[in-house]
Structures are given as structure tokens and as C-alpha cells.
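Side-chain atoms are counted along with the backbone in the values below, which use heavy atoms only and exclude waters and symmetry mates.
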2 protein chains.
Amino acid sequence: MQKKRERLLTETELELMCIVWRLGQATVREVRENLPEGRDITYTSVAKILSILEEKGALGSKKGEKTYLYYPRIAKEDYESRALRHVTQGLFDGNPGSLVMRLLDGTDLSREDLAEIRKTIEARLDP
Amino acid sequence: MQKKRERLLTETELELMCIVWRLGQATVREVRENLPEGRDITYTSVAKILSILEEKGALGSKKGEKTYLYYPRIAKEDYESRALRHVTQGLFDGNPGSLVMRLLDGTDLSREDLAEIRKTIEARLDP
DNA sequence: AGATGTCTACGAAAACTTTCGTAGATCTCC
DNA sequence: GGAGATCTACGAAAGTTTTCGTAGACATCT
């Protein structure tokens, strides 16, 4: 048996998934209306991706007033962690510390961000 | 014209790219030999992906003793930053602080990791 | 020179992702 | 009840990624 590698959502899937996370639940129409400016894909294309997301277990659906409502079956936080593990494995040798180091090096973090992160770390170091 | 979104390397491309980064430079054969246990793809498949990576500008190649040597044209560090920006944008609302928070929440970081990260942050806060 | 092995190029099959159109179902408003 | 709009299901075209096979080039050994 082939070890099924943990696949992340694809670009477009994630894009739509984020909209559902943000709205809490949404119809195809609503997802479509919440696409960013200039991003236009047809109603049916959006419907298709949502149904794929349902197939993959990321979304559920239920009958709403007149149309289906899609809602997340996985928490955004969980997916975030999963994505970070994936990146950590694939690019940072499984070492999350290296990831943070790279982020600190390659990104402009505000003093506020830095201070907040430090506070969180200290809370963890001194329980 | 369609705004070309910044595409990251695909899974397999990244997998091979990491091997070249690790080895510094490598022949097709060497890359193949450095695949993880149980991952077998044919010589020609590896060669194909490497040539795609060259096409995309991620690798260069030169004549070695008897066979081509591939070497990185982009630094791993740069790619890491790029990947993190991509994740930050796509999943954390453009906010790198949120990313770190999620990593701290969703991952078991060792005390050493935490301490090291804190040190880096403090160095940045008090220059 | 000829057989054998290794290497690169090329193309294309297979798999997956993204996008769309059509057709049938359902609702809504005269 | 019928015209028109909206919704879902289905399938498939178009695009991309992954994988492989074949063929020609080049070397090596005998």
C-alpha cells in the first residue's frame, strides 16, 4: 500500500475555502460575490470547486432557504497548522525554529508583531 | 493579459530542488540516488523535472566530466522567504505575526527552539 | 569494429486542476 | 400554469504536473 502523502488544498481551492471560513457559511453565489476584485470565474466553476472541497471533506453542505449552504468541516486553525507542518517538513528540514528564523530574516515585522511574538514565547518558556 | 501570479515550485520540483541545494550540485543520477527510501521514479523522470527546473530558472547546468551537472540558480534562503510570503498572504491575511502564533500553538517546539527564537527577536527589538 | 552501458532530448501518456457549458430541476411572479 | 430566473449535477475541454519510453549520441571494454 502506498503511503498517501498529506496533500494540501490547491491554490484555487484554498482561495474559496478562505471565503467560506470568513463568511462562516455561504452559498455558491455568496462565495462568488466575495471573490477579490477582478477575479472572475463563472458560477459553475465556483460550484465545481466547492463540490470538490466537499468531496475532499473540507466543506459540508446543507439545504438552506432555497439553496445549498456550504460550511467548513475543518477549522481554519487546523488547516493553518497543517500547512505550516507541510512547509516545515518540505523546506525547513522539519525544524520549525528555522522557519521562524527565516521569517524574521526575510520579512519586515513591526515592533508590535515582534513584541507580541516574544510575549507568547515567554509565556511558553515560563509556564 | 492575465496577471501572472507568483507561482511556487510544485511538490516534486521542490523535492528535487532540495536535493540539489543539499548537494550543491548534482547529476541526474546523483539526484536520483538521493531520493528518500521508497521514492522511486525513473531516471528520465528525474531528468525531466530537472530540465523543467532549468527552464523555470531555478537550476543551471554545465558540462561536468562526462555528464551534465545541475546547480541552483536561486538560493534556498530566498526561496524559503518567497514561500513564507506566499503562505502569509494566502493563509494569514498577510500578517506574519499570525503565522508565528499559529506555529507556536500548533507545533511542539523544544525549549531550545523557543529560547533561540526569543533571542533572535530580542536582538531585533533592541538593536 | 561491435556490443554494452550511460546520458540527453523529445514527445507523449497519465493524472490532476481549473474552468466552463449544457441540461434538467426548482422557484418566482404574473 | 407558463415565462423567466436561479440552482445543481454532470461531463468534458483546457491547462498543468508527473511520469515514462524510445531513440539517438557518446563512451567503454574487448
Side-chain angles (χ1 to χ4, degrees), chain A residues 2-20 23 25-36 38-71 83 86 90, chain B residues 1-20 23 25-36 38-71 79 83 86 90:
Chain A
Q2 174 83 351
K3 162 108 156 287
K4 165 125 65 164
R5 259 185 304 168
E6 178 103 17
R7 292 306 244 129
L8 294 180
L9 298 178
T10 64
E11 284 292 310
T12 308
E13 285 165 4
L14 179 58
E15 184 185 14
L16 301 197
M17 196 65 199
C18 281
I19 295 174
V20 179
L23 299 181
Q25 61 176 29
T27 63
V28 175
R29 167 183 292 278
E30 286 165 345
V31 170
R32 183 146 188 266
E33 286 169 350
N34 276 273
L35 285 171
R39 176 82 163 103
D40 38 75
I41 48 185
T42 60
Y43 183 96
T44 44
S45 296
V46 175
K48 179 63 153 187
I49 300 289
L50 294 182
S51 77
I52 290 173
L53 284 167
E54 183 168 21
E55 211 171 275
K56 292 190 176 180
L59 290 179
S61 69
K62 58 188 177 192
K63 216 51 176 172
E65 288 296 311
K66 27 182 67 169
T67 170
Y68 280 107
L69 277 176
Y70 286 94
Y71 57 90
H86 189 266
Chain B
M1 196 188 69
Q2 173 85 349
K3 160 109 156 288
K4 168 123 63 162
R5 261 183 302 170
E6 177 103 14
R7 295 304 245 127
L8 294 180
L9 299 177
T10 63
E11 285 293 309
T12 307
E13 285 166 3
L14 180 59
E15 184 185 14
L16 300 197
M17 196 65 199
C18 281
I19 294 173
V20 180
L23 300 181
Q25 62 178 29
T27 64
V28 174
R29 167 182 292 277
E30 287 164 344
V31 170
R32 182 145 187 267
E33 286 168 351
N34 276 273
L35 285 171
R39 175 82 163 105
D40 38 74
I41 48 186
T42 61
Y43 183 95
T44 45
S45 296
V46 174
K48 179 62 154 187
I49 300 288
L50 294 182
S51 78
I52 289 174
L53 283 167
E54 183 167 22
E55 211 172 274
K56 291 190 176 181
L59 290 178
S61 69
K62 60 189 177 194
K63 213 59 176 168
E65 287 298 310
K66 25 182 68 169
T67 170
Y68 280 106
L69 278 175
Y70 287 94
Y71 56 91
Y79 184 76
H86 189 266

Undergrad: Would you check if A:Leu50 and A:Val28 make a side-chain contact, meaning some heavy-atom pair closer than 4.5 Å?
TA: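 Yes, side chains in contact.
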
Undergrad: Whole angstroms only, please: what is the CG-C1' distance between A:Leu9 and C:dT18?
TA: 15 Å

Undergrad: To the nearest Å, give me how far apart CD1 (A:Ile52) and C1' (D:dA12) are.
TA: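 In whole Å, D:dA12 C1' lies 13 Å from A:Ile52 CD1.
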
Undergrad: With DNA chain C as reference, determine whether B:Tyr43 or A:Lys56 sits nearer its 5' end, using the nearest nucleotide of each.
TA: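 It is B:Tyr43 whose nearest nucleotide is closer to the 5' end.
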
Undergrad: Tell me: CG of A:Leu50 to P of C:dT17, nearest whole Å?
TA: 16 Å

Undergrad: Tell me: CD of A:Glu54 to C1' of D:dT8, nearest whole Å?
TA: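 Computing the A:Glu54:CD to D:dT8:C1' distance gives 12 Å.
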
Undergrad: Mind checking whether B:Glu11 and A:Leu8 have side chains closer than 4.5 Å, heavy atoms only?
TA: no

Undergrad: Write down the distance between CD (A:Glu11) and C1' (C:dT19), rounded to a whole number of angstrom.
TA: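 Between C1' of C:dT19 and CD of A:Glu11: 16 Å.
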
Undergrad: Looking at D:dA9, I'd like to know if its phosphate oxygens (OP1 or OP2) sit under 4.0 Å from a side-chain N or O belonging to A:Ser51.
TA: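 So the side chain of A:Ser51 is outside the cut-off, no N or O lying under 4.0 Å from OP1 or OP2 of D:dA9.
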
Undergrad: Below 4.5 Å, heavy atoms only, C-beta onward: do B:Ile41 and B:Val46 meet side chain to side chain?
TA: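 Yes, close enough: below the 4.5 Å cut-off.
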
Undergrad: Side-chain contact test, heavy atoms from C-beta onward, threshold under 4.5 Å: evaluate it for B:Thr67 versus B:Arg29 and give yes or no.
TA: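 Result no, sub-4.5 Å side-chain heavy-atom pair not found.
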
Undergrad: Side chains of B:Tyr68 and B:Lys62, heavy atoms from C-beta outward: is any pair under 4.5 Å?
TA: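 Of all side-chain heavy-atom pairs linking B:Lys62 with B:Tyr68, none is under 4.5 Å.
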
Undergrad: Measuring only between side-chain heavy atoms, which start at C-beta, is B:Lys56 closer than 4.5 Å to B:Ile52?
TA: yes

Undergrad: Just to confirm, is there a sub-4.0 Å distance from OP1 or OP2 of C:dT19 to any side-chain nitrogen or oxygen of A:Arg39?
TA: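 For A:Arg39, the contact criterion (side-chain N or O under 4.0 Å from OP1 or OP2 of C:dT19) is met.
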
Undergrad: Encode nucleotides 20-30 of chain D as B, S and - characters from 5' to 3', where the letter depends on protein heavy atoms closer than 4.0 Å: B to the base, S only to sugar-phosphate, - to neither.
TA: BBB-----S--

Undergrad: Measure CD1/B:Ile49 against P/C:dA9 and give the value in whole Å, please.
TA: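 Whole-Å distance recorded here is 15 Å.
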
Undergrad: Heavy atoms from C-beta onward define the side chain here; which of C:dT6, C:dT18, C:dT8 lies closest to that of B:Arg29?
TA: C:dT6

Undergrad: Establish, with yes or no, whether the OP1 or OP2 oxygen of D:dC7 is under 4.0 angstrom from a side-chain nitrogen or oxygen of A:Thr67.
TA: no

Undergrad: Given 3.5 Å as the limit, does a donor-acceptor pair link the side chain of B:Tyr79 with the main chain of B:Leu9, or not?
TA: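 The answer is yes, because a donor-acceptor pair under 3.5 Å joins these two groups.
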
Undergrad: Starting from P on C:dT6, measure out to CD on B:Glu33 and report it in whole angstrom.
TA: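 Atom-to-atom, B:Glu33 to C:dT6, this comes out as 11 Å.
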
Undergrad: What is the distance from OH of B:Tyr70 to P of C:dA9, rounded to the nearest Å?
TA: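 Rounded to whole Å, this separation is 6 Å.
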
